[in-house]
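Have a look at the structure below, then the notes.
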2 protein chains.
Amino acid sequence: MTLSNDDVAARVHRYLETVANGTADDVTALYAPEATVEDPVGSDPLQGLEAIRAFYATFESLPKTTELVTVRAVAGQAAFHFRIVVDLGGGATSTMEPLEVMTFDDDGLITSMRAFWAESDLVMA
Amino acid sequence: MTLSNDDVAARVHRYLETVANGTADDVTALYAPEATVEDPVGSDPLQGLEAIRAFYATFESLPKTTELVTVRAVAGQAAFHFRIVVDLGGGATSTMEPLEVMTFDDDGLITSMRAFWAESDLVMA
């Protein structure tokens, strides 16, 4: 059965919490086996858990926080706006606020993620 | 050539301005001939200008304002958060803040629109 809208929103929250506080393995465990990740939109989509794990591993070791700004959940899918602040060390941070679209299977695993952002949206401080 | 990110964002602005101030024909003119509209996500997509015109005609006569909250433009596509306030008469309004995803062709016409919102997101006042 398609996830309820509340369940979809809860899974978006869990995803952002895991990106901030979990390992690449933890994040990958939220994805379905054949899932795709297009981040940013326009890049070649990654497919499968090995490719997805490698993607999250690239920034696994950087301290970061995430915050959900807005989420709209419907029909087992979500669009959401979030903020991610990465601690680059020495007091420097990078902040990005992508809009993402996610689809979920009936078990609540992510089947696709697409992230809308451009280089010009990155704020270094 | 794929639209620049600035051009994509400008077309999102024009779309919202036209929804607020234009006729159903004006909005339809922003769409490509074979465009699809899925509003809300999970409903059967409308395809083609006749179906799209009929969709916008249903609320053409209601006074309304629109406001762009956030837009991310990349690769000829956009995700955006906007507010639409519809004047229902007698001081009553309905407010909705969908997140939408749009794709554009090289001429800047909308080729697809998907609107993420649920009934529970509608605020009546």
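We name chains A, B, ... by the order of the sequence lines, and we start the count at 1 in each one.
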(request) Could you tell me which non-hydrogen atom of A:Ala118 sits nearest to which non-hydrogen atom of B:Ala73, and how far apart they are? (result) CB-O, 3.9 Å
(request) Is it possible for you to say whether B:Phe82 and B:Val123 belong to one hydrophobic cluster, with membership spreading through side-chain heavy-atom contacts below 4.5 Å? (result) no
(request) May I ask whether A:Val8 and B:Leu122 are part of the same hydrophobic cluster, defined by side-chain heavy atoms of I, L, V, M, F, W, Y residues being less than 4.5 angstrom apart, directly or through others? (result) no
(message) Let me check something: do A:Val85 and A:Leu68 share a hydrophobic cluster, defined by ILVMFWY side-chain heavy atoms less than 4.5 Å apart, either directly or through other members?
(response) no
(request) Quick one: pull up CG in A:Asp121 and OG1 in B:Thr70 and give me the separation to the nearest 0.5 Å. (result) 10.5 Å
(message) Testing the basics here: between B:Ala75 and A:Gly42, what is the closest heavy-atom pair and its distance to 0.1 Å?
(response) CB-CA, 3.6 Å
(message) Let me confirm one number: the NE2-CZ distance from B:His81 to A:Arg72, rounded to the nearest 0.5 Å.
(response) 5.5 Å
(message) Under 4.5 Å between side-chain heavy atoms, counting indirect links through other Ile/Leu/Val/Met/Phe/Trp/Tyr residues: same cluster for B:Val12 and B:Leu109 or not?
(response) no
(message) Less than 4.5 Å to any heavy atom of chain A: does that hold for the side chain of B:Glu97, its backbone, both, or neither?
(response) both
(request) Heavy-atom pairs under 4.5 Å with chain A are the metric here; pick the option from B:Ser43, B:Gly76, B:Pro40, B:Ala78 that has the most. (result) B:Ala78
(request) Determine which residues belonging to residues 16-33 of chain A lie within contact range of chain B, meaning some heavy atom pair is under 4.5 Å apart, and list them by number or answer 'none'. (result) none
(message) Side-chain heavy atoms under 4.5 Å apart, restricted to Ile/Leu/Val/Met/Phe/Trp/Tyr: what other residues fall into the cluster of A:Val74, or is it alone?
(response) A:Val41, A:Leu99, A:Val101, A:Phe116, B:Val41, B:Val74, B:Leu99, B:Val101, B:Phe116
(request) Indicate, with yes or no, if B:Met96 and B:Val69 share a hydrophobic cluster defined by side-chain heavy-atom contacts under 4.5 Å among Ile, Leu, Val, Met, Phe, Trp and Tyr. (result) no
